[in-house]
Every structure is written in structure tokens, then in C-alpha cells.
Amino acid sequence: MKHIALLFLILCMSTSFSQNSHEPSSNFAVNDTINDSKVIAFADLLQTSLYELDTTFFMENFDGDAFANKVILNDEESLKKEEVQVFNEAFKVGFLGKFDIFPLNIVKSIKNDASYDVVNYYYDELQRKYHLLFRAYSDEDGLNYHDYQLNYTNEVFKIEDIYIYTTGEYLSDTVKQLYMINLPRTYVDDINLEENRSNSILFFHDYQKLIAQEKYKEAYALLSNLEGDIKDQKVIYIMKIQVASAINEIYYMEAIDELLKKFPEDPSTQLMAVDYYVMLKDYNTTMASLDALKMATSDTFVEYIRGNLAWEFNDYEAAEKAYKAIMIEYPEFEAARMNLLYMYDEAQMMEACIDMLNDFITKEYYTKQDLITFIDDTANELKYIPTSEIYTTWKEKK
């Protein structure tokens with residue numbers, strides 16, 4: 001169990017071993033207005049508590065047993081073995097004792113000026129489960145989404161699992177990999193598992209060894225030559241992308257291309273698709289990927305990303321439209337306002353810069369003196385407005 005704490009620190013970046021762990025427990029909720037209200041209240045309490053830098057609500061409302069049962073080997077054949085039962089209990093204790101690292105990482109990000117906001121909720125008819133979609137965003141880490149699957153026990157909602165967009169897998173799948181890697185090979189030889197599952201466990205041991213030795217091309221070849229059902233799982237494609245990024249850009253681009261072709265309709269792949277098409281300098285497809293992401297998440301914040309990328313591609317008109325939409329929808333989000341000002345400056349749209357400065361003052365975002373101090377500071381990286389005649393006139397005007 002000694003590796004669990006270290007490995008769990010990188011859960012949000014990890015890939016996974018998928019064994020139908022997305023299948024929920026048998027605790028179902030009826031889709032009605034009463035439960036809608038409960039879920040909305042739950043989302044508000046979760047978001048508020050995290051912004052208050054408190055993980056207590058998260059941990060008290062995390063269904064650890066239901067989550068752990070998705071991870072461990074608990075089929076009839078495995079549970080006949082006492083060694084497996086002992087290992088399962090030790091893993092559950094070790095894992096659940098470290099699970100607070102997940103909400104603590106969210107709190108740490110918030111302390112570093114990241115945002116973590118509920119976007120919407122929905123009911124999955126197939127699972128008969130409610131879900132909450134949260135958006136995580138920071139300038140450093142970019143955009144991510146956490147889709148909380150909620151369990152329903154004794155008329156109370158609890159967190160059962162979390163689907164993380166940047167990995168394209170449920171968190172229980174990620175932990176499944178840790179479980180399989182830590183499962184001693186002697187157990188694999190001892191338990192009479194079906195052949196394809198046994199081979200999968202052995203594969204992850206071999207893969208982990210190659211990664212530890214930094215033999216990335218060999219690890220990539222191992223992933224590329226897999227046979228059976230495991231080779232078509234999304235986790236394998238994501239693992240190939242991660243390994244390829246350590247080899248060179250050609251491997252990396254090809255690995256992403258494989259993922260997008262294999263899972264073209266998967267909302268989580270759209271995050272990776274955006275970066276992929278930016279690297280290809282394909283503006284139209286980049287914007288189409290953003291459209292798909294916005295449709296999948298119903299998240300209007302995607303317009304901020306659109307503004308940034310449109311600016312990067314020198315489409316100032318599209319960038320201006322996107323930034324202005326964000327300024328209306330999220331009036332307290334300062335980055336959109338400042339990015340638009342910088343973009344106007346780069347495009348030498350001096351009158352638009354002055355209009356923005358006046359708007360800042362009218363809406364009481366800043367005082368005129370605040371703006372003058374900022375613009376006159378040579379550290380601000382504004383290129384043209386500080387020395388422009390129109391700014392000098394504006395500054396001197398009472």
C-alpha cells in the first residue's frame with residue numbers, strides 16, 4: 001500500500017484500467033422535482049464549502065464503500081481467496097484514508113485563484129442516477145470538468161464517483177489501475193481469473209516497469225500491440241497519448257488523432273481535440289470543437305476559451321464577440337475584460353481601448369486613477385495605448 005499516497009496525488013492526470021467501473025450501485029433515485037431540488041441544494045453546498053476552503057462537506061458526503069466496490073476484485077471466484085480479501089481490505093483502508101487528497105487539491109487550486117463552479121445537473125436514464133457537472137478553470141491548468149455521479153441512500157444524495165474530462169474516465173477507473181498495479185503477481189497466479197483479465201493485470205505490471213525505466217518507445221509499442229477487448233478501451237488511447245508526449249511531437253499528434261477517430265462523439269475528447277487542432281493551426285475545426293464542447297456541457301464559459309483562441313488566430317472580431325459575451329455572463333470575471341483590453345491594444349484599436357476604460361469607470365470596476373496607474377506602469381506589457389495621443393488626452397481630461 002506504500003505507493004497509494006504518491007500515486008493518488010496525480011489522479012487528475014492519470015489514466016485508468018476500466019472494468020465496467022462506471023456501472024453504478026443499485027441505489028436509484030427517481031427523477032422528479034423534489035429530487036431536482038435536493039440535487040441543486042447539494043451542488044450549492046458542495047461549491048460553497050470548497051470556496052470556503054473546507055473539504056468536510058465533500059468527505060462527509062462521499063460514499064466510500066460504493067466507490068471502493070467499483071474498484072476491487074469482488075467477483076465470486078476472487079472472493080474465495082483469503083489473500084484477495086485481505087488485500088482488498090488493506091487497499092480500501094489505504095485508499096479511503098487518502099481520498100481527501102482529491103478535494104484538498106481542489107481547495108489548493110482555489111487558493112491559487114482557480115475557479116470551481118457548478119455548471120448544471122442532469123439525470124441519466126440508463127443509470128437512473130443524478131449527475132452534477134462542475135467546471136475547474138485556472139490560467140495555469142486550463143479547463144477541465146468533473147462530472148459527479150450521485151448515489152441515493154436513505155433519501156440522501158452522496159458522491160459515488162467522478163468522471164474527469166481530461167482523463168475521459170471515471171475516477172474509480174483511475175483507482176482501478178492503482179489497485180491492479182499494486183495487486184502482487186503471486187495473487188494473479190493464485191487466483192483463477194479468466195484469461196483476458198489475467199493478461200490485463202500482467203500487462204499493467206509490465207507497462208509500469210517500462211515507464212519507471214523511462215523506456216517510452218517500448219511502452220508505446222506494448223500499448224500498440226495489445227490484443228483482445230482491452231486494446232479498444234479509451235484508457236489505452238489516453239495512455240498512448242501520455243507516453244507519446246514523452247517521445248516526440250509526431251508520436252504525440254498521431255496518438256491524439258487515434259483517440260479522436262475512435263471516440264469522435266465523446267464529450268471528454270473535445271477538450272483534447274481543441275488543443276490538437278490548435279497545434280495543427282486548423283482554426284475552423286478548433287472552433288467546431290469548442291462548439292461541440294459547449295453543446296455537450298451547456299457551459300457558456302467556453303466562450304472565454306473561444307475568445308482566447310480566436311485572438312491567437314488573429315480573428316479579432318470573433319474574439320471581441322466572445323469576450324463581450326463573457327463580460328455580460330460573468331461580470332466579476334476580470335480576465336475577460338483585461339484580455340479584451342490587451343487585444344484592442346495589440347490590434348491598435350485605440351478608440352476601443354478608450355471606450356473600455358470609460359466603461360470600467362462607469363461600471364465602477366476601477367477608478368480612473370487606478371487605470372492610469374496600471375497603464376503607465378511599464379510592467380503591464382501594453383504596447384501602444386500608453387504612448388498614444390488619444391490616451392494622453394483621455395488621461396488629462398478631468
Original post:
Does D291 have any salt bridge (Lys or Arg N to Asp or Glu O under 4.0 Å) partners at least two apart in sequence or in another chain, and if so, which?
Top reply: R306
Original post:
Under the salt bridge (Lys or Arg N to Asp or Glu O under 4.0 Å) test, which residues partner K158, sequence neighbours left out?
Top reply: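 Checked K158 against salt bridge (Lys or Arg N to Asp or Glu O under 4.0 Å); zero matches.
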In Å and rounded to the nearest 0.5 Å, what is the [atom1] to [atom2] distance from [X] to [Y]?
{"X": "M356", "Y": "N358", "atom1": "CE", "atom2": "CG", "answer": "11.0 Å"}
{"X": "N112", "Y": "E140", "atom1": "CG", "atom2": "CD", "answer": "7.5 Å"}
{"X": "E254", "Y": "E258", "atom1": "CD", "atom2": "CD", "answer": "7.5 Å"}
{"X": "T286", "Y": "D315", "atom1": "OG1", "atom2": "CG", "answer": "12.0 Å"}
{"X": "D65", "Y": "T153", "atom1": "CG", "atom2": "OG1", "answer": "10.0 Å"}
{"X": "D63", "Y": "Q149", "atom1": "CG", "atom2": "CD", "answer": "10.5 Å"}

Ring centres under 6.0 Å, that's the criterion: do [X] and [Y] meet it?
{"X": "Y137", "Y": "F301", "value": "yes"}
{"X": "Y251", "Y": "Y220", "value": "yes"}
{"X": "Y344", "Y": "Y384", "value": "no"}
{"X": "H131", "Y": "Y122", "value": "yes"}

Please report the closest heavy-atom contact between [X] and [Y], naming both atoms and the distance.
{"X": "L46", "Y": "I159", "answer": "CD2-CD1, 4.4 Å"}
{"X": "E351", "Y": "I390", "answer": "CG-CD1, 3.8 Å"}
{"X": "D345", "Y": "P386", "answer": "OD1-CD, 4.3 Å"}
{"X": "I247", "Y": "K217", "answer": "CG2-CE, 3.8 Å"}
{"X": "A29", "Y": "F157", "answer": "CB-CE2, 3.8 Å"}
{"X": "V243", "Y": "A219", "answer": "CG1-CB, 4.2 Å"}

4.5 Å side-chain heavy-atom contact, [X] and [Y]:
{"X": "L271", "Y": "N144", "value": "yes"}
{"X": "Y391", "Y": "I375", "value": "yes"}
{"X": "K215", "Y": "K209", "value": "no"}
{"X": "L143", "Y": "L293", "value": "yes"}
{"X": "L309", "Y": "I305", "value": "yes"}

Could you tell me whether the side chain of [X] and the main chain of [Y] form a donor-acceptor pair under 3.5 Å?
{"X": "S245", "Y": "Q242", "answer": "yes"}
{"X": "D141", "Y": "S138", "answer": "no"}
{"X": "N380", "Y": "F374", "answer": "yes"}
{"X": "T362", "Y": "D359", "answer": "no"}

Going by distance alone, is a donor N or O of one side chain under 3.5 Å from an acceptor N or O of the other, for [X] and [Y]?
{"X": "D370", "Y": "T367", "value": "yes"}
{"X": "N154", "Y": "Y152", "value": "no"}
{"X": "T393", "Y": "E389", "value": "no"}
{"X": "W311", "Y": "E346", "value": "yes"}
{"X": "N31", "Y": "Y130", "value": "yes"}
{"X": "D36", "Y": "Y123", "value": "no"}
{"X": "Y148", "Y": "D161", "value": "no"}
{"X": "N308", "Y": "Y323", "value": "yes"}
{"X": "T300", "Y": "Y330", "value": "yes"}
{"X": "Y207", "Y": "E218", "value": "no"}

Original post:
Hey, does the Lys NZ or Arg CZ of R337 hover above the aromatic six-ring of Y365, less than 6.0 Å from the centre and inside 45° of the axis?
Top reply: yes
Original post:
Do R135 and Y145 meet the cation-pi criteria used here (NZ or CZ under 6.0 Å from the six-membered ring centre, within 45° of the axis)?
Top reply: no
Original post:
Y51 and Y116: ring-ring contact (aromatic ring centres under 6.0 Å, His included), yes or no, with the steps?
Top reply: CA-CA 8 Å; Y51 271 109; Y116 196 76; 7.8 Å; no
**OP:** Mind jotting down which residue pairs meet the ring-ring contact (aromatic ring centres under 6.0 Å, His included) criterion with at least one end in residues 264-297? Sequence neighbours excluded, please.
**Re:** Y283-F313
